[in-house]
Amino acid sequence: MRSVVILGSTGSIGVQAMDVISRHEEKFCVTGLSAGGGNISVLAQQIAAVRPARVALPSEEAAAKLRAALTGFNISTPMILVGPQASAELAGIDADVVLNAITGYAGLEPTLAALKAGSTLALANKESLVVGGKLVTQAASPGQIVPVDSEHSAFAQALRSGREEEVKRLILTASGGPFRGRTRDQLRDVTVADALAHPTWNMGRVVTINSSTLVNKGLELIEAALLFSVPWDKIQVVVHPGSIVHSMVEFVDGSTIAQCSPPDMRLPIALGLSWPDRLDNIGEPCDWSAPRTWTFEPLDATTFPAVELARKAGELGQYVPTVFNAANEVCVDAFCESSLGFLGIVDTVSAVVDRYISDHHSLSQDTAMTLEGIREADAWARACVVETMERTQ
């Protein structure tokens with residue numbers, strides 16, 4: 001039986017992870033849960049279901065609400081870790097698997113804590129790898145990070161088909177989001193509701209907005225290069241609206257291995273928890289009894305420049321991806337608050353990245369990254385977004 005800690009348990013990935021575990025209670029024991037405090041009733045139900053020893057929350061106010069909510073259940077209250085470092089503290093307590101499903105930059109320190117503790121890191125928080133770069137990859141032992149993003153889980157599965165030296169390139173699929181086929185001019189008046197209407201996936205707010213701008217695919221491009229040590233020019237992004245082929249690996253002999261399944265995050269979550277083994281009763285397979293067509297098309301980099309911007313940031317390395325991610329997080333919040341237009345998200349991120357590159361032209365990929373350096377770059381980018389928006393409004 002594997003002991004599991006779930007960070008971000010009340011979010012989309014966390015809730016689905018709990019569903020996977022409920023189907024295989026004989027294989028997993030949930031020893032810890034962390035949450036942001038926005039869904040206390042859900043967290044209380046999760047605690048009642050799996051009886052974790054510890055729970056992490058960001059504030060005493062959230063902890064008080066949880067204690068009150070648990071009075072409705074006939075169970076003992078678990079130890080509650082409280083504060084901005086609570087999730088990292090929980091991640092650093094010995095567990096076989098830590099599923100990091102926290103959204104955004106906030107997942108970095110829990111990622112580092114889980115790796116330091118020697119736990120297998122089931123990584124759904126791509127941002128911690130993007131912003132942490134070599135600081136994260138060098139902290140990980142071989143095979144310690146298991147990807148939970150569907151695309152990277154697909155790569156991991158397909159890469160079993162050949163040796164490292166036989167891999168020619170990775171083909172990263174993108175649904176194209178809700179605005180596939182539109183021109184840049186047609187995106188000027190996009191609303192938050194429009195951007196949240198993803199055609200195939202049901203995800204949280206930030207990931208869904210990132211998917212509409214294709215920033216999410218840019219983050220996944222950086223993640224793929226770091227996870228699988230593949231050169232930047234050996235990763236191609238292709239649009240696949242059906243979201244059935246989750247990604248592909250092309251080998252030197254011309255063979256391409258694709259991982260296919262209906263869009264359901266429980267499959268990569270289950271693999272993240274059980275890797276390298278597979279669990280039964282997780283998702284429905286493709287239905288081969290009915291005619292169907294899968295389409296693939298090139299990415300429109302003119303309308304959606306975020307992927308190539310991410311590639312540039314990733315190639316420069318060091319803290320440039322940190323700046324890319326931080327600027328985007330602020331811009332997404334501004335868009336959701338109606339203080340920035342849809343096109344302004346990537347335009348502003350691009351301006352901030354370019355300014356950082358200009359102001360820090362002496363960046364060297366040979367210089368070791370530090371946690372303090374990441375914090376400084378993150379804070380610089382967030383302040384720069386605010387300054388850029390004030391100057392342009």
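These numbers were taken from a predicted model, which means no experiment stands behind them.
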Note: [X]-[Y] ion pair, threshold 4.0 Å (strictly below):
| X | Y | answer |
| --- | --- | --- |
| Glu89 | Arg54 | no |
| Glu60 | Arg67 | yes |
| Asp333 | Arg205 | yes |
| Arg375 | Glu109 | yes |
| Asp300 | Arg184 | no |
| Glu387 | Arg355 | yes |

For this session: Determine the interplanar angle of the His240 and Phe296 rings, folded into 0 to 90°, and report it as parallel if under 30°, tilted if 30 to 60°, perpendicular if over 60°.
Result: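 His240 vs Phe296 ring planes: parallel.
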Problem set entry | Ring geometry between Trp380 and His360 (parallel below 30°, tilted from 30 to 60°, perpendicular above 60°) |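 Because their plane-to-plane angle is over 60°, the rings of His360 and Trp380 count as perpendicular.
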About how many Å separate [atom2] of [Y] and [atom1] of [X], when rounded to the nearest 0.5 Å?
| X | Y | atom1 | atom2 | value |
| --- | --- | --- | --- | --- |
| Leu340 | Cys331 | CG | SG | 5.5 Å |
| Glu223 | Glu127 | CD | CD | 8.5 Å |
| Ile209 | Asn328 | CD1 | CG | 10.0 Å |
| Ser212 | Leu196 | OG | CG | 7.5 Å |
| Ile145 | Leu115 | CD1 | CG | 5.0 Å |
| Leu316 | Trp232 | CG | CH2 | 10.0 Å |

Seminar exercise, completed: Here the pair of heavy atoms bringing Ser243 nearest to Pro263 is O-CD, 3.7 Å
Problem set entry | Where Thr10 and Ala35 come nearest, the two heavy atoms and their spacing | OG1-CB, 3.8 Å
Qualifying residue, where the test is side-chain contact (heavy atoms from CB on, under 4.5 Å) with [X] and the options are [options]:
| X | options | result |
| --- | --- | --- |
| Val5 | Asn100, Leu33, Leu90 | Leu90 |
| Gln46 | Ile6, Val30, Val15 | Val15 |
| Phe28 | Val97, Ile21, Val50 | Ile21 |

Problem set entry | Check: Phe324 ring centre within less than 6.0 Å of Tyr356 ring centre |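 Ring centroids of Phe324 and Tyr356 are no less than 6.0 Å from each other.
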Exercise. Step by step, would you call Arg182 with Asp194 a salt bridge (Lys or Arg N to Asp or Glu O under 4.0 Å)?
Worked result: CA-CA 13 Å; Arg182 298 196 194 183; Asp194 294 334; 5.6 Å; no
Problem set entry | Steps toward salt bridge (Lys or Arg N to Asp or Glu O under 4.0 Å) verdict (Lys65, Glu61) | CA-CA 6 Å; Lys65 291 180 179 178; Glu61 179 185 2; 3.7 Å; yes
Exercise. Can you check whether Ala56's main-chain N or O pairs, donor with acceptor, with Ser34's side chain at less than 3.5 Å?
Worked result: no
Exercise. Does Arg160 count as lying over the ring of Trp275, i.e. NZ or CZ under 6.0 Å from the six-ring centre, within 45 degrees of the axis?
Worked result: yes
Exercise. Can Glu308 and Arg311 be said to form a salt bridge (Lys or Arg N to Asp or Glu O under 4.0 Å), step by step?
Worked result: CA-CA 5 Å; Glu308 291 310 308; Arg311 192 188 299 273; 3.2 Å; yes
Problem set entry | Side chain proximity check, Thr213 to Phe304, heavy atoms < 4.5 angstrom |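 They are not in side-chain contact.
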For this session: List for me each residue that meets ring-ring contact (aromatic ring centres under 6.0 Å, His included) alongside Phe73, sequence neighbours excluded, and say none if there are none.
Result: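 Not a single residue meets the ring-ring contact (aromatic ring centres under 6.0 Å, His included) criterion with Phe73.
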Exercise. Can you name the side-chain hydrogen bond (donor to acceptor under 3.5 Å, both in side chains) partners of Glu166, sequence neighbours left out?
Worked result: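 With sequence neighbours excluded, Glu166 shows a side-chain hydrogen bond (donor to acceptor under 3.5 Å, both in side chains) to Arg163, given in chain and number order.
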Exercise. Pick one: which of His246, Arg266, Gln157 meets side-chain hydrogen bond (donor to acceptor under 3.5 Å, both in side chains) with Ser261?
Worked result: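 Of the listed residues His246, Arg266, Gln157, the side-chain hydrogen bond (donor to acceptor under 3.5 Å, both in side chains) partner of Ser261 is His246.
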